[in-house]
Amino acid sequence: MAADAGTSTGETRASRRHLSGGTSPSLRSFLGTEAGSAGLMLLAAVVALLWANSPWSAGYEALWKTSASVRLGGAELEMDLGHWVNDGLMALFFFVIGLEVRRELSVGELTRRRRLVVPLVAGVGGMLVPALLYLALNPSGDAARGWGIVIGTDTAFLLGALAIVGPAVSTQLRIFLLTLTVIDDIVAVTVIGVVYSDSIQLGPLLLAVAALLVLVVASRLRVGRASPYVLVVVVLWLATVQSGVHASIAGMLAGLLVPAWAPRRDEVERAASLFQAFRQSPMASVGRSAGRGLARAVSVNERLQSALHPWTSYLVVPIFALANAGVDLRGGLLAEALRSPVTWGVVIGLVGGKFIGIGGGALLATRLRLGEPPQGVGPGQILGGAALSGIGFTVSLLIIRLAFEDTPQLLNEATVGVLLAAVLATALGWVSFQAAAAFHGERSAGLPTALSLPVDPERDHVRGPAGAPLTLVEYVDFECTFCAVTTGVARELQEHFGDDLRYVIRHLPLPDVHPHAERAALAAEAAGAQGQFWAMHDLLFTRQDRLEIEDLVGYASELGLDVERFLEDLDREDLAGRVREDSLSAEESGARGTPTFFVGTERHVGPHDAQTLIRELQARRPGAPG
């Protein structure tokens, strides 16, 4: 029985190259939380600057130097609050980043490896060029240690700035930039762990390696409970802190090793049956069983993300900004910083280096046909995103603390550079997006929403009157379990609207996810050649776990078809072309998974339950208000 490579919200995602660029609900949640936390981070940074330049600035410094310890028996871990934030809370932040990267690599946007080429080339350029520009201004001495400051990009600030100065619809551009920040984060954390760590203690380091091996084994065994991972990650963090390696690398590696998988049909159905049992018998023991069943249906990776991501975005990162953005600019520091090669190395590296490295790398990779940017993203918008990538903030401030911990003057000058770069990068991004819209017409960076191939009753498979005032088009995959569910929704809609609705089926087989999907689509078309498309359609959705060729032949016989003709039609090029044409129209219309609905000619985004679709159809009824 094929597993559905999709999300638990009821949609199977594509993993083919030409169906790239859609956003899963998990990714939309990630993007929304990151963008939302940018405001809190900015507020925390402003508070830190005002506090550090106020008459109470001594209290700001004293707060983060306050010692705090955790003691268990004879074992004790003691650090000041600044180190608890930078070595503790930020390890949790990078753990969540690692979880997201693992999920996207396993079942999300980054499963389509060809999509990685352009952002990979751009990401490498976006790290090399800034570092080289910084070192050109600071080639030696203590200042040269700061080259790592300019390699990172702050995802939250980047998405927040994009929401303000970018296109009104920027879904596809955000995916491109998220992929860039994934590459940035992995490299930046590696640099932190290798370049900016203290003297290494072998014993704790070996314990950390052992903890990583335990995570590898647990991942291979697909352990479904979260508690073993949490326990091992805590041990890993403690060992890493004691080893002298910066704890951020432990967080990232641990996140990358927590497995992610798509919901399996049997687990989803078992969870549904357990929930139904609780509904009928609302007892505590039955409720616990239902809760465990629901937990098993969702990977431990996504459960941990769901629990931790809001905390890291809305609490950890703002606290980090509060602890690290407070620079006392009094006493001529601002004037000195504006004359410092460290400050301008950071500014030029982040603003100019990211713009040239990312923008040039992406455009060069596209020009050489090494890959392609997401559908709907133009070259001007890539340059705008490259400019906004110059907002380094979180990772940059962390590396500043590590690189210049013993040189407060350089630390302050570099911090001024990061804050100035954030302002200039946002301004450059705004100019780039305005220019892209004015000179190239690049006003949107989202997927198409209009149905590219109009409904034709002579071509399409239609249930209901051909001239009905309301139209619902559904792209389906016969092996997609969620599509099987929506067949019931379609019947409910037809009962509700009667002859006012025509329901249209089009094919969107996802063979990388469902190996029998294309053959099933051809079987439906072959049955349609004998006037039995809808009968085969209904039969295929009731027997999704039996779609081998011998099964399809049996269904043809069961429906009373000419079996010999049916077998010949399975190889007809015109029927295969029909399936390909439907898939191409899905690509051109922005469909990226199944089921995808179009209400009239507009792609439906959101839940596809009967009541939601009824409201959408009612709103498009001729003469409806609005």
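Throughout, residue positions are numbered sequentially from 1 according to the sequence presented.
The main-chain N or O of P607 is found under 3.5 Å from a side-chain atom of H604 such that the two form a donor-acceptor pair. For the pair R303 (side chain) and G224 (backbone), a donor-acceptor distance under 3.5 Å is present. Listed for the T312 side chain is a donor-acceptor partner under 3.5 Å among the backbone atoms of H309. Distance alone, capped at 3.5 Å, is enough to place a donor-acceptor pair between the Q381 side chain and the G378 backbone. A distance-only check finds no donor-acceptor pair linking the side chain of Y229 to the backbone of G255 [under 3.5 Å]. Looking only at distances, a side-chain donor or acceptor of R578 sits under 3.5 Å from a matching main-chain atom of R459. Of the possible polar contacts, one joining the E442 side chain to the G380 backbone as a donor-acceptor pair under 3.5 Å is found. Looking only at distances, a side-chain donor or acceptor of T153 sits under 3.5 Å from a matching main-chain atom of S389. When atom types are taken as modelled, the side chain of Q544 and the backbone of F478 share a donor-acceptor pair closer than 3.5 angstrom. Between the side chain of D154 and the main chain of T394, a donor-acceptor pair closer than 3.5 Å is present.
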Can R502 and R463 be said to form a side-chain contact (heavy atoms from CB on, under 4.5 Å), step by step?
-> CA-CA 6 Å; R502 60 178 183 178; R463 263 182 172 164; over 6 Å; no

Start with the C-alpha distance between W534 and I505, add both sets of side-chain angles, then the distance that settles side-chain contact (heavy atoms from CB on, under 4.5 Å), and finish with yes or no.
-> CA-CA 10 Å; W534 288 105; I505 280 289; 3.4 Å; yes

Please step through salt bridge (charged side-chain N to carboxylate O under 4.0 Å, His left out) for the pair E558 and R543, ending with a clear verdict.
-> CA-CA 13 Å; E558 183 178 334; R543 303 177 184 179; 2.8 Å; yes

Does the pair D609 and T612 meet the rule for a side-chain hydrogen bond (donor to acceptor under 3.5 Å, both in side chains), with working shown?
-> CA-CA 6 Å; D609 60 281; T612 300; 2.7 Å; yes

Take L540 and D538, measure what side-chain contact (heavy atoms from CB on, under 4.5 Å) needs, and give me the verdict at the end.
-> CA-CA 6 Å; L540 291 173; D538 296 342; over 6 Å; no

Applying side-chain contact (heavy atoms from CB on, under 4.5 Å), run through L304 and F95 and close with a yes or a no.
-> CA-CA 10 Å; L304 286 172; F95 176 66; 4.2 Å; yes

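Here the shortest heavy-atom pairing between S432 and G384 reads CB-CA, 3.5 Å. Minimum interatomic distance between V579 and P509 (heavy atoms only, all atoms of both residues): CG1-CG, 3.8 Å. Smallest separation of non-hydrogen atoms from F176 and A362: CZ-CB, 4.0 Å. The two atoms that bring P167 and L162 nearest to each other are CD-CD1, 4.3 Å, heavy atoms only. Pairing each heavy atom of L552 with each of A523, the nearest pair is CD1-CB, 3.9 Å. The shortest non-hydrogen separation linking A161 to I391 is CB-CD1, 3.9 Å.
One distance of note links OG1 of T487 with CD of E474; it measures 8.0 Å at 0.5 Å rounding. With rounding to the nearest 0.5 Å, the separation of CG in L547 from NE2 in H514 is 10.0 Å. Rounded to the nearest 0.5 angstrom, L508 CG and S585 OG are separated by 8.5 Å. One distance of note links CG of L559 with CZ of F566; it measures 8.5 Å at 0.5 Å rounding. In this structure, CG on L40 lies 11.0 Å from CD1 on I319, to the nearest 0.5 angstrom. Remark: L388 CG to L180 CG distance equals 11.5 Å, nearest 0.5 Å.
Ionic pairing of D574 and R580 is not present here: no N-O contact between side-chain nitrogen and carboxylate oxygen is shorter than 4.0 angstrom. A salt bridge links R592 with E587: at least one charged nitrogen is closer than 4.0 Å to a carboxylate oxygen. Looking at E616 and R620, a side-chain N of the basic residue comes within less than 4.0 Å of a carboxylate O on the acidic one, giving a salt bridge. For the pair E581 and R506, the salt-bridge criterion is not met [side-chain N within less than 4.0 Å of a carboxylate O].
In this view, P448 and Q375 satisfy the side chain to side chain contact (heavy atoms under 4.5 Å, CB included) rule, not counting sequence neighbours. Listed by chain and residue number, H461 satisfy the ring-ring contact (aromatic ring centres under 6.0 Å, His included) test with F533 (two or more places apart in sequence, or in another chain). Qualifying side chain to side chain contact (heavy atoms under 4.5 Å, CB included) partners for N301, counting only residues two or more places apart in sequence or in other chains: L99, R102, R103, V258, A260, S299, Q305. With sequence neighbours left out, the side chain to side chain contact (heavy atoms under 4.5 Å, CB included) criterion links A527 to Q532, M536, L561. Under the side chain to side chain contact (heavy atoms under 4.5 Å, CB included) criterion, L501 pairs with L470, L472, L493, Q494, F497, L617, not counting sequence neighbours.
Looking at T481 and F541, their side chains never come closer than 4.5 Å, going by heavy atoms from C-beta outward. By the 4.5 Å heavy-atom criterion applied to side chains, W261 and S106 are not counted as neighbours. Between R603 and T596 the shortest side-chain heavy-atom distance falls below 4.5 Å. E492 places a side-chain heavy atom less than 4.5 Å from the side chain of Q611. The side-chain heavy atoms of V473 and T601, taken from C-beta on, include no pair separated by under 4.5 Å. In this structure the side chain of C480 never reaches within 4.5 angstrom of the side chain of L510, judged on heavy atoms. Residues R621 and D500 are in side-chain contact: their nearest non-hydrogen atoms beyond the backbone lie under 4.5 Å apart. Within the 4.5 Å cutoff, no side-chain heavy atoms of Q172 are placed close to those of P373.
With 3.5 Å as the limit, one finds a donor-acceptor pair spanning the side chains of S589 and S452. Between the side chains of H507 and E518, no donor-acceptor pair of N or O atoms lies under 3.5 Å.
The ring pair (Phe, Tyr, Trp, His ring centres under 6.0 Å) analysis of residues 580-600, with sequence neighbours excluded, yields the pairs Y475-F598, F597-H608.
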